[in-house]
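Worksheet for the structure shown next.
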Amino acid sequence: MSSQLTARLLVLPRRAKQVITITMDVCLCMVVVWLAFGLRIGYWGSFGPAQWWTAAWTIGMAMPLFYFSGLYRVLLRHDGGAVLARASLIFGGIFAALFTVIGASIMPRTLGVLVPVLLFLATSGARAAARHWLASAATRSHACANQAQVLIYGAGDAGRQLAALLASSREMVVRGFVDDAPSLQRATIRGLRIYSSDDLGRVVRAQGITEILLAIPSASHARRAEIVRGIQSLGLPLHVRSLPDLHDIARGRVKVDHLRDLDIEDLLGRDPVVPDENLLRSKITGKVVLVTGAGGSIGSELCRQIAKLAPSALVLLDVSEFALYAIHHELEASTQGLPLKLVPLFASVRDREHISRILATWKPDTIYHAAAYKHVPLVEHNPAEGIRNNTFGTMNMALLAREHQVSDFVLISTDKAVRPTNVMGASKRLAEMVLQALAAEGGPTRFSMVRFGNVLGSSGSVVPLFRRQIRAGGPITVTHPEITRYFMTIPEAAQLVIQASAMAEGGEVFLLDMGEPVKVIDLARKMVELSGMMIRDAANPDGDIELAVTGLRPGEKLYEELLIKNNPIATSHPRVMKGHESFPAWHVLRMQLELLACDGISRDAQSIRSALRLLVPGYAPPEAEVSGRWSYDHAREAVRSFALTEQDHQGTNS
């Protein structure tokens, strides 16, 4: 009954609500006058002429003052205490001046003070009671309408701010806090109890909790992952979300809509690699830097990180108009007022003449080469374009960098280049071999490579894909139940690339200690469970999201590696390693690449794969894909012929 009455009151027109409030205040004026006379004369009598006369003056003076002060524009369920206090003070001053100072024969002088005091107490008390009643009834109503029942994990400043923000929320109702600090447990905040993490399961079941909000912005990813595992162990469909970082909390920027799903780092439990500031700045600050593929996932983050390190100029190179516009526009806004020259240029890394003019004009000190086709299935269907862009585009950039005496050239590589099973990985390994061979020859340019695993949040990354599939109601598609991957964040990858250029001596392959590889299907399960849903399978046919195993895609590996040989070498950075891997001499590799570029191979996908088997050690595509006009034996004999011709040429010159 109470809920129905509340619902009817809340949907009344604003004018009707004002009439109800004014009527309530008129009645309170009558009651206050009756109380004042009773307190003054010592007995409670009925309304006589004196009471009616005093009530008329009270209503006639108070109501206009309350109205014109704006009191009736403030809704009862919101706090209008300041407005009421100001209006009551004005009313009290006028009323006391008339009936206490000047006096009136029909009423005692003391009522000039007593009536205003009692009226203020009555009206403020009535409003407080109304707010409490409306809020309680609304809370019960919302709860019945599947309003989210929330526990806040963390009773510190962030948790208290969040509870205050949610106090008026129609979507969530906070039922309590959870905190690991024994000194806080069993205490209360805003009337809400603080529980121990050991009580979490009991409280969740008893109070029907549907969401847990992590308000621990200063906790490490390892600690957050530990908390998440504890929540998962309850086996209940709980949606877990988190607040933004500590800086936003400290600056008072927290809002209810800032609550977000857990970052993948919270699920993996690995803290980002801390960058070495000296390494970051040594090849950037005060220098001209060029980034190819500047609009891509890695390229754009490289540009953001580089812009923070105060280069004299940053040349953004990309073939995509939209991607180039987006990163240039973003950097213009973030670097406004800084002495940084931003140069957005359209160019293909395969266009030798155009790239040569760019290098001659801007004379970069460092080139970060991020331009590449990276999506395995797409490159597998377009092998010729993959080789032209990833391998020959890199070779073109590297040769021009050496010709124009660029100090440092850093290639963004991939773990898929290690014993590749797909054209994308093979094309990147060939690109690495080009740089290694050029580095071995010496010259003005230091060539290095940075190899890392899956980058979270990049285009095509599995995590955004899983989130989209969960929002769509599933199914979540996993190519194989045993597939595993290494993961790192985009900023972490960009910082590693920059630091690698500072540590390079020439020809190194740098890689990051990325912790343990993660089984992708386990990652999918965690994301579903922490979204407040359950996996639907044979054991749980009433679950929400189905997991569908689609089978490995062409060229996809079950397990990725970071080194061809298990021989990592330590560097000055505690979590950055390097490897020296075998490669052919430049004069041999150049002849092999010329063979790969010839029309007989480059126009035929099967011939490309046959040639790659010869050129890239460890490349092992599915056997069904390596057949066609240009056989493996044919490729081997042709390359041998090229190599013998090159050796004869070298012998004649000597």
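Since the structure is predicted, the reported quantities are computational estimates derived from the model, not experimental observations.
The minimum heavy-atom distance linking Leu612 with Ala426 is given by the pair CD1-CB, 4.0 Å. Considering all non-hydrogen atoms of both residues, Asp318 and Gly295 come closest at OD2-N, 2.8 Å. The shortest non-hydrogen separation linking Ala597 to Phe392 is CB-CZ, 3.7 Å. Of all the heavy atoms in Phe409 and Ala401, the pair that sits closest is CD1-CB, 3.8 Å. Considering every non-hydrogen atom in both Pro364 and Leu359, the closest pair reads CG-CD2, 3.7 Å. Shortest non-hydrogen contact noted between Ala494 and Glu301 is CB-CG, 3.6 Å.
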- Check the pair Ser348 / His354 against side-chain hydrogen bond (donor to acceptor under 3.5 Å, both in side chains), numbers first and verdict last. CA-CA 8 Å; Ser348 167; His354 191 188; over 6 Å; no
- Message: Checking Trp362 against Leu345 for the side-chain contact (heavy atoms from CB on, under 4.5 Å) test, could you report, in this order, the C-alpha distance in whole Å, the side-chain angles of both residues, the deciding distance, and whether it holds?
- Response: CA-CA 11 Å; Trp362 293 101; Leu345 297 175; 4.1 Å; yes
- Task: Report the C-alpha distance between Ile470 and Ile476 in whole Å, list the side-chain angles of each, state the deciding distance to 0.1 Å, and finish with yes or no for side-chain contact (heavy atoms from CB on, under 4.5 Å).
- Result: CA-CA 7 Å; Ile470 290 171; Ile476 290 183; 3.6 Å; yes
- Message: Could you go through Val410 and Phe510, starting from their C-alpha distance and side-chain angles, then the distance that decides it, and tell me whether this counts as side-chain contact (heavy atoms from CB on, under 4.5 Å)?
- Response: CA-CA 10 Å; Val410 185; Phe510 290 95; over 6 Å; no
- Message: Would Thr445 and Gln405 count as a side-chain hydrogen bond (donor to acceptor under 3.5 Å, both in side chains) here? Give the steps.
- Response: CA-CA 6 Å; Thr445 304; Gln405 299 189 340; over 6 Å; no
- Step by step, would you call Glu332 with Gln336 a side-chain hydrogen bond (donor to acceptor under 3.5 Å, both in side chains)? CA-CA 6 Å; Glu332 272 191 322; Gln336 192 171 15; over 6 Å; no
- Task: Given side-chain contact (heavy atoms from CB on, under 4.5 Å), test Val423 with Tyr619 step by step and report yes or no.
- Result: CA-CA 9 Å; Val423 174; Tyr619 173 59; 3.9 Å; yes
- Item | Verdict with reasoning, Glu432 to Ser413, per side-chain hydrogen bond (donor to acceptor under 3.5 Å, both in side chains) | CA-CA 8 Å; Glu432 290 181 354; Ser413 192; 2.4 Å; yes
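For the pair Glu441 (side chain) and Ala439 (backbone), a donor-acceptor distance under 3.5 Å is absent. Between the side chain of Ser427 and the backbone N or O of Asn390 there is no donor-acceptor pair closer than 3.5 Å. Of the possible donor and acceptor atoms, one in the side chain of Lys428 sits under 3.5 Å from a partner among the backbone N and O of Ile412. The backbone N or O of Ala323 sits less than 3.5 Å from a side-chain atom of Ser320, completing a donor-acceptor pair. Under the 3.5 Å distance criterion, the side-chain polar atoms of Asp365 are left unmatched by any main-chain donor or acceptor of Ser407.
Counting heavy atoms from C-beta on, the side chains of Val291 and Val315 never come closer than 4.5 Å. Counting heavy atoms from C-beta on, the side chains of Leu290 and Tyr368 never come closer than 4.5 Å. At a threshold of 4.5 Å between non-hydrogen side-chain atoms, the residues Leu280 and Gln495 count as touching. Side-chain atoms of Leu430 and Leu596, non-hydrogen and from C-beta on, do get closer than 4.5 Å to each other. Inter-residue side-chain proximity for Met397 and Leu411 is flagged as unmet; no heavy-atom pair is nearer than 4.5 Å. Using a 4.5 Å cut-off on side-chain heavy atoms (C-beta onward), Val240 and Ile227 make no contact. Counting only heavy atoms from C-beta outward, the side chains of Ile535 and Leu547 approach each other to under 4.5 Å. For the pair His404/Ser356, a side-chain contact is recorded, criterion being any heavy-atom separation below 4.5 Å from C-beta on.
Taking CG of Leu314 as the reference point, atom NE2 of His328 lies at 9.5 Å (rounded to 0.5 Å). For the atom pair CG (Leu438) and CZ (Arg402), the distance works out to 5.0 Å, reported to the nearest 0.5 Å. Between the NE2 atom of His369 and the OG1 atom of Thr292 there is a distance of 4.5 Å, given to the nearest 0.5 Å. Note that the NE2 atom of His587 and the CG atom of Leu589 stand 10.5 Å from one another [nearest 0.5 Å]. To the nearest 0.5 angstrom, Ile327 atom CD1 is 5.0 Å from Ser300 atom OG. From Leu400, atom CG reaches atom CZ of Arg357 across 11.5 Å, with rounding to the nearest 0.5 Å.
Looking at Arg590 and Glu594, a side-chain N of the basic residue comes within less than 4.0 Å of a carboxylate O on the acidic one, giving a salt bridge. A salt bridge does not link Arg446 with Glu505: every distance from a Lys NZ or Arg NE/NH1/NH2 to an Asp or Glu carboxylate oxygen is 4.0 Å or more.
Each of Lys374, Arg609, Lys416 was scored for a salt bridge (Lys or Arg N to Asp or Glu O under 4.0 Å) with Glu380, with one residue passing: Arg609.
For the salt bridge (Lys or Arg N to Asp or Glu O under 4.0 Å) condition, the pairs that include at least one residue of residues 338-355, sequence neighbours left out, are Arg350-Glu385, Arg352-Glu403.
The environment of Phe346 atom CZ is dense: over 12 non-hydrogen atoms of other residues, nucleotides or ligands sit within 6.0 angstrom.
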